[in-house]
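A short write-up of the structure that comes next.
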There are 2 protein chains.
Amino acid sequence: MSVSSTPSSPRYPGADRDARPDVSTIEDVLHGAGYRSTRPRRTIIETILDQAHPFTPEHLLAAVHRADPSLGRATVYRTLEILGALDVLTRVVVAEGHSAYVVGLPGHRHHLVCSGCGAAVPFTACPVDHLMAELSRTTNFAIQSHVLQFIGVCPACQPTP
Amino acid sequence: MSVSSTPSSPRYPGADRDARPDVSTIEDVLHGAGYRSTRPRRTIIETILDQAHPFTPEHLLAAVHRADPSLGRATVYRTLEILGALDVLTRVVVAEGHSAYVVGLPGHRHHLVCSGCGAAVPFTACPVDHLMAELSRTTNFAIQSHVLQFIGVCPACQPTP
DNA sequence: ACAACGAATGATACTACGTCTCAGTTATGT
DNA sequence: ACATAACTGAGACGTAGTATCATTCGTTGT
Ligand SMILES: [Mn+2]
Ligand SMILES: [Mn+2]
Ligand SMILES: [Zn+2]
Ligand SMILES: [Zn+2]
């Protein structure tokens, strides 16, 4: 879905642009927000960082269970909710009415998603400013965020002619 | 979600821009696609056209049952699926990970959605062409569609200062 | 008007995904 | 080490959506 509140983005202290966060960086974010650092959460974060593509909660739960079958379902859902609220994870629309999580990167991003394999390519360009100002003026809405993304077929998923 | 395949939009023969379709217009669309015209479907379409805001399947089911409690749940879901596939209905993202249906209008549209009351204001401006071409070139994706929308608070839902 | 046929329907059972509760465990500050 | 609150996993539960299937209904050809 990539609802990006215009001024907000995950805070990775000192992270390079385009660098994916690592486990301890995300744990620092949790800490900073008053959450504790636990073994189940570490396992979940490690599993998240293993994902090459956007993932659903169910998909992640299965992957987590491969690492630790005793880790509770509720813990996975609870952790996803927290990481989503902290903007460590954001959402992309992968099909009409279906969204999935991706690891957030610093800065304002949107995604180009492959409808074949599910790959999500982030990009930073965002041509909505002028339109947003115009809509604010004409409708008197207080605009909070926007959703922008492209769906297509990546080179690897295109039929060879 | 408003995944608008760039060249596609609902085909309402002779409809004015900005005119909402009526029941028989939508029935014509069904007919044209080889579907039959039935009383349950008419009830569902009437109920859809009564909705002032984007609606979920559950919300619609409840509204349909107010009109005809004997109308089957499966029929409502099946009809929504058909109308979605025919682009009579499209989806808007109403919150992180949640989308709802709106009646499609002719032409290429996106929406500005109120996070308070759920109102969806359509607009036709779409500033993505240049970016889309650039992304096609740099990534070699075959881009099929895009999602663009704004979320904010409508004038009526804004706190009075 | 009628018959024939496939499409569509609604009841019901079922599944998948997510939530809630709660007793026991663990991280954290002192 | 202790006290405390946060966190956990088990399992019951709820809800939204799907599958099945016998019956009904819309459409088409006569
Ligand atoms: Mn943007
Ligand atoms: Mn557009
Ligand atoms: Zn692909
Ligand atoms: Zn509003």
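By convention in this document, chain letters (A, B, ...) are assigned in the order of the sequence lines, proteins followed by strands, and residues within each chain are numbered from 1.
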Taking all atoms of both residues into account, what is the closest heavy-atom pair of [X] and [Y], and its distance?
X        : Y        : result
B/Phe123 : B/Leu112 : CE2-N, 3.8 Å
B/Leu49  : B/Val23  : CD1-N, 3.6 Å
A/Pro122 : A/Leu105 : CG-CD1, 3.9 Å
B/Cys117 : B/His53  : O-CD2, 3.3 Å

B/Glu81 atom CD, over 12 foreign heavy atoms within 6.0 Å: no
Atom [atom1] of [X] to atom [atom2] of [N]: distance rounded to whole Å?
X       : N     : atom1 : atom2 : value
A/Ile45 : D/dC7 : CD1   : C1'   : 14 Å
A/Arg78 : D/dC7 : CZ    : P     : 10 Å
A/Leu30 : D/dT8 : CG    : C1'   : 15 Å

Could you run down the sub-3.5 Å N/O contacts of the protein with nucleotides 24-28 of chain D?
from   : atom 1 : to      : atom 2 : distance (Å)
D/dG26 : O3'    : B/Ser37 : O      : 3.4
D/dG26 : N2     : B/Arg36 : NH2    : 3.3
D/dG26 : N3     : B/Arg36 : NH1    : 3.2
D/dT27 : OP1    : B/His31 : NE2    : 3.3
D/dT27 : OP1    : B/Ser37 : N      : 3.2

Step-by-step side chain to side chain donor-acceptor pair (under 3.5 Å) determination, A/Thr47 to A/Asp50: CA-CA 5 Å; A/Thr47 309; A/Asp50 280 345; 5.3 Å; no
With a 4.5 Å limit on heavy-atom distance, are the side chains of [X] and [Y] in contact?
X        : Y        : answer
B/Leu148 : A/Leu131 : yes
A/Phe150 : B/Val128 : yes
B/His108 : B/Cys126 : yes

Contact interval (first through last nucleotide) of DNA chain C with protein chain B, 4.0 Å heavy-atom: C/dG6 to C/dA13
Contacting residues from residues 59-74 of chain A, given that a heavy atom lies under 4.0 angstrom of DNA chain D: A/Ser70, A/Leu71, A/Gly72, A/Arg73
Among A/Val147, A/Val113, A/Val92, the one residue meeting side chain to side chain contact (heavy atoms under 4.5 Å, CB included) with B/Val147: A/Val147
